[in-house]
Amino acid sequence: MNIKTLAKELGLSTSTVSRALNGYQDVNPTTRERVEQAAKAHGYRANAGARRLVRGRSEAVGIVYSAAVENLGNPQFLDMADGLAERLEREHQDLLLAVAKNETELEIYERLFRSGRVDAVIVPNTRVRDARVDFLLHHNYPFVAYGRTADCAQFSWLDFDNDLGSQLAVEHLVALGHARIAYVHAPLALNFAYQRHRGYMRTLQAAGLECLPGYCIGGVNDRRSGLQAAAQLLALTPRPTAVLVDNNLGGVGLIRGLMDAGVRVGKDISVAVHGDIPQDTLLTGLNVTTVTQPTPQATGFALADVVMQVLHKPEDGPYQLLRQPALQLGTSTGRAV
């Protein structure tokens, strides 16, 4: 079925049907819904190339991921991208993923926009000082940051209250009687890591405790580095009775290392982790205490909504959404011994 046949069946003009299918706001909502339902029933889809020419847009949103920093094997990212793509598809937008080394990221952003391949981009894993954000602001390119920066008032972003997440975890461990609480974290140039570390330090101080020498172990953002951090923790004197890990993959590696060393997690050492533990992780018989966030797929939906606001109503921005964490108790934390 072509658009003329569809229009004739509905008793509408070809122009009205075209505008309804292309999301123009001057079409009556009832008419738009009627057109969309008929198109779906007949399996009709507008020609993507023609639609892009009419609307003057690429109908694509990009994410540039740095292979040097981000982990594309993280199930949380994949679930978020799945939700993002699903929500964008409803708006006739594609999701374009580009992978770059750090030194080529800005060049890729420039090429994506100058070639007209994207209408907007999502900036993941923001840094405290982020050259990507500065670049996009300078060129007035539409974007949404997945995370904040030290100065984030001028642009649209979606983030989580990372300070509060660490506060909830540390307060839980203190309530269990722990006074020697170690901290394992990703590079502090990443803004989420900086904020979570700040929350840890502030909550320790509020409880009248201190971070002992060697109790902060950095550069941990995957399973392997988490495994190495476990060995470092076990070599500390006095040994920590509890540890908070600021990312899920590092947490998995650390717990695996402790278990392999014969440590009873939740009894000999308590462990709390930021982020959900991947379902394919072989931590048999252990329910990990986690700082949880809205599901990655729901986060993808929300990111897509913010992107569409930036594209359709930029004058009402910047759009900023701060989501709240919660503490999910498990068996990996217990009373201090």
Side-chain angles (χ1 to χ4, degrees), residues 48-49 51-53 55-74 76-85 87-89 91-159 186-195 219 221-222 225 247 249 296 299-300 303-304 306-312 314 317-320:
R51 186 173 62 232
R52 288 166 183 160
L53 286 173
R55 300 182 72 175
R57 295 178 178 174
S58 67
E59 295 192 333
V61 174
I63 298 181
V64 180
Y65 246 67
S66 168
V69 177
E70 286 86 17
N71 191 324
L72 293 180
N74 191 335
Q76 284 192 310
F77 166 75
L78 298 176
D79 289 344
M80 182 280 292
D82 179 66
L84 175 61
R87 179 67 184 88
L88 288 175
E89 185 178 10
E91 301 291 336
H92 306 292
Q93 291 273 349
D94 295 326
L95 178 63
L96 186 152
L97 174 64
V99 180
K101 295 181 179 178
N102 266 343
E103 62 270 18
T104 63
E105 277 190 273
L106 298 186
E107 295 173 3
I108 290 182
Y109 281 119
E110 179 76 6
R111 187 164 62 251
L112 288 175
F113 280 108
R114 286 196 176 276
S115 65
R117 292 164 65 188
V118 298
D119 297 323
V121 293
I122 293 170
V123 181
N125 269 351
T126 50
R127 283 70 156 168
V128 178
R129 306 288 178 186
D130 203 311
R132 301 169 301 172
V133 169
D134 294 339
F135 174 83
L136 293 167
L137 284 172
H138 176 74
H139 290 280
N140 200 30
Y141 290 142
F143 75 96
V144 175
Y146 187 16
R148 289 167 286 170
T149 62
D151 182 8
C152 59
Q154 298 180 25
F155 59 89
S156 298
W157 47 260
L158 182 151
D159 201 5
L188 296 182
L190 296 171
N191 202 56
F192 82 86
Y194 174 81
Q195 291 172 328
N221 58 358
D222 58 22
S225 53
N247 64 93
L249 294 186
T299 298
L303 265 176
V306 178
V307 170
M308 299 317 297
Q309 288 177 303
V310 167
L311 287 175
H312 293 319
Y319 300 95
Q320 299 172 346

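Here, residue 1 is the first one in the sequence, and each next residue gets the next number.
Separation of atoms CG (L311) and CD (Q93) is listed at 6.0 Å; rounding is to 0.5 Å. Taken to the nearest 0.5 Å, the CD atom of Q154 stands 9.5 Å off from the CG atom of D134. Rounding to the nearest 0.5 angstrom, the gap separating the NE2 atom in H139 from the CZ atom in R114 is 7.0 Å. To the nearest 0.5 Å, atoms CG (N125) and CZ (F77) are separated by 9.5 Å.
Shown here are the side chain to side chain contact (heavy atoms under 4.5 Å, CB included) partners of A85, two or more places apart in sequence or in another chain: L95. Every salt bridge (charged side-chain N to carboxylate O under 4.0 Å, His left out) that D130 has, sequence neighbours left out, goes to R132.
Residues M80 and L303 have side chains in contact (heavy-atom distance under 4.5 Å, counting atoms from C-beta outward). Side chains of F113 and P142 form a contact here, defined as non-hydrogen atoms less than 4.5 Å apart. With a 4.5 Å cut-off on side-chain heavy atoms, F192 and Y194 do not count as touching. Side-chain contact between L88 and M308: present, with at least one pair of heavy atoms (C-beta onward) separated by less than 4.5 Å. Side-chain contact between T299 and Y146: present, with at least one pair of heavy atoms (C-beta onward) separated by less than 4.5 Å. Side chains of E105 and I108 form no contact here, defined as non-hydrogen atoms less than 4.5 Å apart. Two residues are said to be in side-chain contact when any heavy atoms from C-beta on lie closer than 4.5 Å; R127 and N191 fail this criterion. A 4.5 Å side-chain heavy-atom check between T126 and L190 finds every atom pair outside the cut-off.
Residue P124 comes nearest to I63 through the heavy atom pair CG-CG2, 4.0 Å, listed as atom of the first residue, atom of the second, then distance. Here the shortest heavy-atom pairing between V133 and T149 reads CG2-CG2, 4.2 Å. When all heavy atoms of S225 and D222 are compared, the closest pair comes out as OG-OD1, 2.6 Å. Closest non-hydrogen pair, A153 versus P318, comes out as O-CG, 3.5 Å. In terms of heavy-atom proximity, L136 sits nearest to F143 at CB-CD2, 3.5 Å. Nearest heavy-atom pair across A193 and A186 is CB-O, 3.7 Å.
In summary, of the residues considered (V121, D119, I122, L96), a side-chain contact (heavy atoms from CB on, under 4.5 Å) with V61 occurs for I122 alone.
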Next item on the list: Go through the steps to decide whether R87 and E91 satisfy the test salt bridge (charged side-chain N to carboxylate O under 4.0 Å, His left out), and finish with yes or no.
Entry: CA-CA 7 Å; R87 179 67 184 88; E91 301 291 336; 3.2 Å; yes
Item checked: Check against side-chain contact (heavy atoms from CB on, under 4.5 Å), W157 and V306 -> CA-CA 8 Å; W157 47 260; V306 178; over 6 Å; no
Next item on the list: Quick one: do L249 and Q76 satisfy side-chain contact (heavy atoms from CB on, under 4.5 Å)? Show the steps, please.
Entry: CA-CA 10 Å; L249 294 186; Q76 284 192 310; over 6 Å; no
Item checked: Test log, rule side-chain contact (heavy atoms from CB on, under 4.5 Å), inputs Q195 and R148 -> CA-CA 10 Å; Q195 291 172 328; R148 289 167 286 170; 3.3 Å; yes
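Here Y109 and Y141 keep their ring centres 6.0 angstrom or further from each other.
Although no hydrogens or angles enter the test, the distance criterion places a donor-acceptor pair under 3.5 Å between the side chain of Q320 and the main chain of F155.
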